[in-house]
Amino acid sequence: MYGWIWRHLPGNTWVKALISLLLGLAVVFVLFQYVFPWAEPLLPFNDVTVDQGMAAVR
């Protein structure tokens with residue numbers, strides 16, 4: 001996949017590296033702005049169970 005992207009980018013090696021960096025930053029931006037906020041309510045990170053039994057012993 002990365003080889004295919006690299007071969008299809010225009011320019012020399014430095015231009016391809018800069019475009020690749022910008023593409024990577026764009027992917028990270030889209031993930032943090034749209035994908036992760038959409039998926040966060042679907043993930044069980046806030047379903048925490050705390051055992052109250054040990055607190056009464058102290």
Side-chain angles (χ1 to χ4, degrees):
M1 176 175 106
Y2 299 111
W4 182 87
I5 294 171
W6 187 261
R7 285 190 303 273
H8 286 82
L9 290 176
N12 60 18
T13 303
W14 291 107
V15 173
K16 287 182 180 187
L18 179 63
I19 294 172
S20 296
L21 177 65
L22 293 176
L23 284 172
L25 291 174
V27 167
V28 169
F29 176 79
V30 168
L31 284 172
F32 276 98
Q33 291 297 317
Y34 300 105
V35 176
F36 295 155
W38 167 80
E40 191 267 333
L42 305 173
L43 299 173
F45 294 134
N46 291 331
D47 296 339
V48 178
T49 303
V50 178
D51 187 14
Q52 296 293 331
M54 292 303 291
V57 175
R58 293 183 184 192

**Prompt:** In the single-linkage hydrophobic clustering (I, L, V, M, F, W, Y; side-chain heavy atoms under 4.5 Å), do M1 and L9 co-cluster?
**Reply:** yes
Could you list the donor-acceptor pairs under 3.5 angstrom formed between side-chain atoms of residues 14-21 and any protein atom two or more places apart in sequence or on another chain?
from, atom 1, to, atom 2, distance (Å)
K16, NZ, W6, O, 3.3
S20, OG, K16, O, 2.8

**Prompt:** With W4, which residues qualify under ring-ring contact (aromatic ring centres under 6.0 Å, His included), at least two apart?
**Reply:** H8
**Name of the residue among F36, Y34, F29 meeting side chain to side chain contact (heavy atoms under 4.5 Å, CB included) with F32** = F36
